[in-house]
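Below is one structure, written out as structure tokens; comments come after it.
Excluded from the calculations below are hydrogen atoms, water molecules and symmetry mates; all remaining heavy atoms, backbone and side chain alike, are included. Keep in mind that what you see is a predicted model, and the values were worked out from it rather than measured.
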Amino acid sequence: MPELPEVETVRRGLADLLPGRVVASAAHLNSPKSFPNAQHDVSQFLIGATIQSVRRRAKVLLVDLDSQHSLVIHLKMTGQLVFRGQEAFGAGHPNDSLIGELPDRSTRVVLGFRDGSHLYFNDQRKFGWVRLLPTLEIPNIDFMRKVGPEPLESDFTVSQFTERFQRRARTNIKAALLDQTVVAGVGNIYADESLWGAQIDPHRIVGSVSADEFSRLYTELRAVMNMAIDKGGSTDKNYVNAEGKRGSYMDFARVFRREGQACSRCGQQILKIRWAGRGTHYCAECQK
DNA sequence: CACTTGACCTGTCCGC
DNA sequence: TGCGGACAGGTCAAGT
């Protein structure tokens, strides 16, 4: 669900809303993976700190504080980060919001700010987490050391892209695309969408994919992710942006959740199978 | 090291 | 209607 385009959409929203706000409180409702730090870390480095910037690396959000610490947040599958200003309270909620009054039963962490506004971390399935770490230590955590390059960076080239896959030469292209150590930020939706665009069958072994096919996949992956950011991400069930609103990429999806419909390129029926441990959507006629 | 599978969770949907 | 099971899919640990 939240993949690179969704996390980037949340980041942009929070980057407009959070910097300059001062943390006044941090409530930890029912999120066993969040705030494992000792309580004095929270009171020392979070409470009273001012938010400076909001960054993203892969599917991880980094909220930098002026205490040399950062909130490190992973939404995993059902995580949401929703900001509510003081004025939203009691006045109901915007009717284009997908969610109602907060906190609700999936709220795991609530940050309160000095001006009366709040940031809610909701997560139905409790896979996600919020941690507080020294900012300079973030590049050293296991995930950051292993994660691959950002596919949308302007200096990320097709030859780098192709070369990154060689470490997974014997597995299939769908599993390799989902491997965060190959390229950062690709999840199930954009793996299926980009393979359709590049006309590559998800079953293909990486070692058999030609340079020309990698070039198409590189172009399609970047195009699909950039378009998804443009559309505010994909809302299948849970995903919302920092204002609680849905994204519209699913209206433009070509295969994801379109099983049984006609392929827009060749007219054949789109299939859904189980592959690489995931629901996989593709067109067997024009993806070879 | 490369690769695959299951665990982590909760809510929903489908078949009986 | 109730109930069990499959499914949703990001990452890590444990297995081959």
Side-chain angles (χ1 to χ4, degrees), chain A residues 1-11 29-34 36 56-61 72-81 98-100 103-109 121-131 138 141-148 150-151 163-195 202-209 225 228 233-240 246-247 249-250 253 255-260 271-282:
Chain A
M1 306 218 160
E3 306 180 24
L4 188 155
E6 288 72 33
V7 180
E8 176 62 18
T9 301
V10 172
R11 187 201 69 77
L29 287 105
N30 180 12
S31 185
K33 294 167 191 157
S34 296
R56 176 190 61 76
R57 174 74 171 104
K59 300 172 191 170
V60 178
L61 281 166
V72 184
I73 305 167
H74 203 307
L75 303 175
K76 291 289 181 88
M77 255 117 54
T78 55
Q80 306 169 324
L81 274 175
L98 203 58
I99 47 185
D104 63 24
R105 67 177 168 162
S106 74
T107 301
R108 308 298 171 201
V109 176
F121 173 63
N122 285 0
D123 186 19
Q124 182 183 93
R125 288 170 72 178
K126 301 187 196 174
F127 287 171
W129 40 258
V130 180
R131 291 171 190 156
I138 292 170
I141 66 177
D142 234 31
F143 177 85
M144 293 299 179
R145 295 169 69 99
K146 291 191 295 191
V147 71
E150 290 290 324
E163 193 274 328
R164 295 292 302 175
F165 279 87
Q166 300 318 309
R167 61 174 58 208
R168 303 298 307 271
R170 296 161 62 86
T171 192
N172 64 79
I173 189 69
K174 166 115 188 214
L177 261 177
L178 293 173
D179 183 343
Q180 299 299 295
T181 73
V182 174
V183 172
V186 185
N188 206 37
I189 298 172
Y190 303 109
D192 284 2
E193 291 288 295
S194 59
L195 285 169
H203 298 95
R204 289 278 299 284
I205 298 301
V206 170
S208 81
V209 176
M225 282 189 160
S234 296
T235 297
D236 187 18
K237 299 188 68 166
N238 281 272
Y239 168 74
V240 292
R246 50 195 304 134
Y249 178 83
M250 291 298 281
V255 283
F256 194 80
R257 292 288 147 78
R258 295 201 182 273
E259 60 268 30
L271 305 179
K272 181 178 181 186
I273 60 170
R274 191 110 186 131
W275 183 245
R278 295 289 179 268
T280 296
H281 313 72
Y282 75 115

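- Whole-Å rounding puts the A:Lys76 NZ to C:dC12 P distance at 6 Å.
- The two residues A:Arg258 and A:His281 have their closest heavy-atom pair at N-CD2, 4.3 Å.
- With both ends at atom P, the span from C:dA14 to B:dC9 equals 15 Å, rounded to whole Å.
- Between A:Trp129 atom CH2 and C:dG10 atom C1' the separation is 11 Å, expressed in whole Å.
- Here, C:dG9 and B:dC14 have their P atoms 16 Å apart, quoted to the whole Å.
- Atom-to-atom, CG of A:Asp142 to C1' of C:dC12 comes out at 10 Å; the value is rounded to the nearest Å.
- For A:Arg167 and A:Asp179, the salt-bridge test fails: no basic side-chain N is under 4.0 Å from an acidic carboxylate O.
- In this structure, the NE2 atom of A:His203 is 17 Å from the C1' atom of B:dC3, given to the nearest Å.
- For B:dT4, the OP1/OP2 oxygens have no side-chain nitrogen or oxygen of A:Arg274 closer than 4.0 Å.
- Rounded to whole angstrom, the span from the CD1 atom of A:Ile73 across to the C1' atom of C:dT11 amounts to 17 Å.
- Each of A:Lys146 and A:His281 was matched to the nucleotide of DNA chain C holding its nearest heavy atom; the match closer to the 5' end belongs to A:His281.
- Between A:Asn122 atom CG and A:Ile99 atom CD1 the span is 5.5 Å, to the nearest 0.5 Å.
- By the 4.0 Å N-to-carboxylate-O rule, A:Asp123 lies too far from A:Lys76 to be salt-bridged with it.
- Remark: the backbone N or O of A:Gly247 is paired with a side-chain donor or acceptor of A:Thr235 at under 3.5 angstrom.
- Distance A:Arg105 CZ to B:dT12 C1': 11 Å, rounded to the nearest Å.
- Donor-acceptor pairing under 3.5 Å is recorded for the side chains of A:Tyr190 and A:Glu6.
- The side-chain ring of A:Phe127 is not stacked on the base of B:dC9, judged by centre separation under 5.5 angstrom and plane angle under 30 degrees.
- The heavy-atom pair separating A:Lys126 from A:Lys33 by the smallest distance is O-NZ, 3.0 Å.
- Put simply, the side chain of A:Arg125 and the base of C:dG10 share no donor and acceptor less than 3.5 Å apart.
- Judged by distance alone, the side chain of A:Trp129 and the main-chain N or O of A:Ile73 form no donor-acceptor pair under 3.5 Å.
- One can place NZ of A:Lys126 at 18 Å from C1' of C:dA8, the figure rounded to the nearest angstrom.
- Contact annotation for A:Tyr239: no contact, since no heavy-atom pair falls under 4.0 Å across all strands.
- At a threshold of 4.0 angstrom between heavy atoms, the contacts of A:Arg108 with the nucleic acid are absent.
- Here the closest non-hydrogen pair linking A:Arg168 and A:Val182 is CG-CG2, 3.7 Å.
- A salt bridge between A:Glu150 and A:Arg57 is present, with a side-chain N of the basic residue lying under 4.0 Å from a carboxylate O of the acidic one.
- Protein atom CG of A:Asn122 is 15 Å distant from nucleotide atom C1' of B:dC9, rounded to whole Å.
- Side-chain atoms of A:Lys272 and A:Thr280 form no donor-acceptor pair, as typed in the model, at a separation below 3.5 Å.
- One finds no side-chain N or O of A:His74 lying less than 4.0 angstrom from the OP1 or OP2 phosphate oxygen of C:dG10.
- Distances from the side chain of A:Gln124 to the nucleotides C:dG10, C:dC12, B:dG11 place B:dG11 closest.
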Here DNA chain C, pairs taken as Watson-Crick or G-U under 3.5 Å and shown with ( ), [ ] when crossing and | when to another strand, reads .|||||||.|||||||
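- Under the 3.5 Å distance criterion, with hydrogens and angles disregarded, no donor-acceptor pair is assigned to the side chains of A:His203 and A:Asn172.
- Here the shortest heavy-atom pairing between A:Gly128 and A:Ser31 reads O-OG, 4.4 Å.
- Taking every heavy atom of residues 180-191 of chain A and every atom of DNA chain C, pairs under 4.0 Å involve A:Gln180, A:Gly187, A:Asn188, by number.
- For the contact set between residues 166-179 of chain A and DNA chain C, defined by any heavy atom under 4.0 Å, there are no members.
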